[in-house]
Amino acid sequence: MANGQWYPPEWPDRIRALADGSLTPVAPRRAATVLLLKDTPDGPVVHMLRRRASMAFAGGAYAYPGGGVDPRDDDRQIRWAGPTRAWWAQRLGVDAAAAQAIVCAAVRETYEEAGVLLAGPDPDSVVGDSTGDDWEADRAALVARELSFAEFLDRRGLVLRSDLLGAWARWITPEFEARRYDTWFFVAVLPEGQRTRNASTEADRTVWIRPAEAAAGYDRGELRMMPPTIATLRRLLPYGTAAEALAAAPAREMTPVRATARLQGDEIVLSWPGHEEFTKHIPTVAEPTGSTAAEPTMPTAPEAAGAPAGTRPATPTTTSSATPSPTPSPTPSPTSSTTASPTPSTTGGGPA
C-alpha cells in the first residue's frame, strides 16, 4: 500500500533538466514553520492544517503554520525577550539580523495562520486572548503586509517571546523545484488561555492530532504530507509531553536537509540524506503523455517507520470548513468535535 508522500508530477522532468544542464536552480527564499503542541490525557498533540485541494503547490497535503520571512524584520530592532539574537544566530546558522527575521517569521506566521501569538506585555507573560475585532484588524494588516511585525508589537506594547520557541530542524527545497525555500522548523507549546483557529485561506481544515496517529495515517496513505512534514513529525514520537519536546529542541541537529538527484544506470535516484524512506527511482527517459511514469508509484511504508505496530486509526480533533476533503481523512473519535470555522484572508506561505 502506498504511503501519503506528496510527490509533484513535474519533478521527473525537472530533475532530468537539472541533470542535463538546461535548468538553472532558483535561490531559496527564507521561511519558518512551527509545530505547535499541547498536552492531552493521551499525550501531546500537534496542530496541523490541510492545504486546499485548489492550491498549486501541495494541494490536499497536511502541513504546519508557516511562511516566508518578511525582509523588514531584518532591518528593525524587534521588542524581544528570551535568548539573544546572537544566541539564535549561532543556533540557526545565520547572522544576527537574519536570526531575528527567521524567529519573527515563525511567531508572525503562527499568529497569521493559527491565531496564536507567542508574545506578551513583558518577558515573563504571554497574551491570554488574541481574539476580537481589534486583534483581527491587526492580524489582517500583518497578512496584507500593511503592518510590519515590529510595528505590530510596538502598537500593542508587546515583546516577542523567543524563549517559547525551540529550533527543531532545517530543510532546503531541492534545486530542481520551481519555488524553493530554506525553511527552519520550530516547536512551541500552546500558551495558556489561547486557542487555535483556521485563519488561513490556504487551508480547508485544521486538526490537533497525536504524532503517532498522524504518522500512522501517513503510512496508510490516508494523510498526505511532504517529506519535511512527516520527518519532523516522526521526531516528536519519543516525547510524553509538549514541554519535553520543547526542552529537547536545543540539542536537535540543525544541519540543513537537502534532496539530491544522481544518475544511476537508466534511472535518476532522488534521495534525502539521512531520510531513506523518501528515496525515489525515476526513469531517465520520459514516457509518452498519459503514462504513469511522471508520478512513480509510492514505495510501501517502511518497516520501523516510527509508528508503533497496531496503532489505531488517526482520530484527530478537527476544525473544518465546508470544502470537501480531496483525500481520505481520519474519522473523528466520539470525543472529537467538528465545527465550521472562518477563513480570513492570508498570504502565501513556505513549505511545511
Side-chain angles (χ1 to χ4, degrees), residues 32-40 44-49 64-67 69-70 73 76-85 87-88 91-92 99-143 147-168 184-200 206 208 236 239 241-250 317 319 341 344 346 352:
T33 189
V34 177
L35 287 70
L36 191 63
L37 307 170
K38 71 176 181 179
D39 290 317
T40 73
V45 290
V46 61
H47 179 71
M48 304 187 76
L49 56 84
Y64 314 115
V69 166
D70 184 344
D73 292 336
R76 180 170 174 178
Q77 286 290 303
I78 302 292
R79 295 168 64 97
W80 190 273
T84 65
R85 293 165 179 81
W87 184 94
W88 278 107
R91 180 73 182 117
L92 301 179
Q100 172 180 279
I102 293 163
V103 171
C104 281
V107 175
R108 188 192 67 250
E109 289 288 339
T110 304
Y111 180 50
E112 289 181 6
E113 297 196 346
V116 171
L117 183 58
L118 304 176
D122 57 62
D124 300 312
S125 62
V126 185
V127 170
D129 183 9
S130 58
T131 60
D133 292 343
D134 57 336
W135 284 100
E136 179 56 28
D138 280 352
R139 194 199 65 81
L142 285 170
V143 168
L147 186 67
S148 74
F149 197 59
E151 292 168 338
F152 166 72
L153 294 175
D154 285 345
R155 174 182 295 186
R156 290 280 175 179
L158 300 174
V159 295
L160 181 152
R161 291 287 306 276
S162 76
D163 55 317
L164 300 181
L165 286 170
W168 196 249
W184 283 262
F185 288 73
F186 296 85
V187 292
V189 179
L190 179 69
E192 185 175 353
Q194 293 195 39
R195 55 190 174 88
T196 57
R197 59 192 178 91
N198 184 3
S200 171
T206 64
W208 282 103
L236 292 173
Y239 303 104
T241 68
E244 286 178 9
L246 181 60
T317 299
T319 304
S341 65
T346 189

The single option from Val107, Val103, Leu118 passing side chain to side chain contact (heavy atoms under 4.5 Å, CB included) against Ser162 = Val103
inquiry  = Quick check: closest heavy atoms across Arg85 and Trp80, and the distance to 0.1 Å?
reply    = NH2-CB, 3.4 Å
task = Grab the two heavy atoms, one from Pro191 and one from Val116, that are nearest each other, plus how far apart they are.
result = CD-CG1, 3.7 Å
Interatomic distance, Leu142 atom CG to Phe149 atom CZ [nearest 0.5 angstrom] = 7.0 Å
message = side chain to side chain contact (heavy atoms under 4.5 Å, CB included), that's the test. Do Asp70 and Cys104 meet it? Break it down for me.
response = CA-CA 8 Å; Asp70 184 344; Cys104 281; over 6 Å; no
key: Asp133: side chain to side chain donor-acceptor pair (under 3.5 Å) partners, not counting sequence neighbours   = none
task = Applying side chain to side chain contact (heavy atoms under 4.5 Å, CB included), name anything that partners Ala249, two or more places apart in sequence or on another chain.
result = Trp168, Val187
message = Going by side chain to side chain donor-acceptor pair (under 3.5 Å), name the residues that satisfy it together with Glu151, two or more places apart in sequence or in a different chain.
response = Ser148
ask   = For Val159 and Ala81, which heavy atoms make the closest approach, and how far apart are they?
value = CG2-CB, 4.1 Å
request  = Could you tell me the separation between the CG atom of Leu190 and the CZ atom of Arg195, rounded to the nearest 0.5 Å?
outcome  = 11.0 Å
request  = Just jot down the side chain to side chain contact (heavy atoms under 4.5 Å, CB included) partners of Glu192, sequence neighbours excluded, or say none.
outcome  = none
Inter-residue atom distance Thr196.OG1 - Glu113.CD, 0.5 Å rounding = 12.5 Å
Residues which pass side chain to side chain contact (heavy atoms under 4.5 Å, CB included) with Ala105, listed by chain and number, not counting sequence neighbours = Ala32, Val69, Arg108
key: Nearest-0.5 Å distance that lies between atom CG in Leu37 and atom OG1 in Thr241   = 9.5 Å
All side chain to side chain contact (heavy atoms under 4.5 Å, CB included) counterparts of Ala119, not counting sequence neighbours = Leu117, Leu153, Leu158
key: Gap between atom CG of Asp73 and atom CD1 of Ile78 - 0.5 Å precision   = 5.0 Å
ask   = By salt bridge (Lys or Arg N to Asp or Glu O under 4.0 Å), which residues pair with Asp163, not counting sequence neighbours?
value = Arg161
query = Okay, side chain of Gln100, backbone of Arg76: is any donor-acceptor separation there less than 3.5 Å?
reply = yes
query = For Arg79, what residues pass the side chain to side chain donor-acceptor pair (under 3.5 Å) criterion, not counting sequence neighbours?
reply = none
query = Roughly how far apart are Phe186 CZ and Ile102 CD1, rounded to 0.5 Å?
reply = 6.5 Å
ask   = Are the aromatic ring centres of Tyr111 and Phe152 under 6.0 angstrom apart?
value = yes
key: Contacts of type side chain to side chain donor-acceptor pair (under 3.5 Å), residue Asp39, not counting sequence neighbours   = none
key: Over all atoms of both residues, closest heavy-atom pair of Phe185 and Thr33   = CD2-CG2, 3.1 Å
request  = Give the minimum heavy-atom separation between Pro65 and Glu109, together with the two atoms involved.
outcome  = CB-O, 4.3 Å
request  = Report the residues that fulfil salt bridge (Lys or Arg N to Asp or Glu O under 4.0 Å) with Arg156, sequence neighbours left out, ordered by chain and then residue number.
outcome  = Asp134, Asp138
message = Within the 4.5 Å heavy-atom criterion, are Tyr64 and Val34 side-chain neighbours or not?
response = no
note = Tightest non-hydrogen contact, residues Leu165 and Trp88, listed as O-CH2, 3.7 Å
inquiry  = Per the side-chain hydrogen bond (donor to acceptor under 3.5 Å, both in side chains) rule, what does the pair list look like for residues 119-128, sequence neighbours excluded?
reply    = Asp122-Ser125
query = Quick check: does any side chain N or O of Thr206 sit under 3.5 Å from a backbone N or O of Met48, one acting as donor and the other as acceptor?
reply = no
task = Using atom types as modelled and distance alone, determine if a side-chain donor or acceptor of Gln194 lies under 3.5 Å from a backbone N or O of Val127.
result = yes
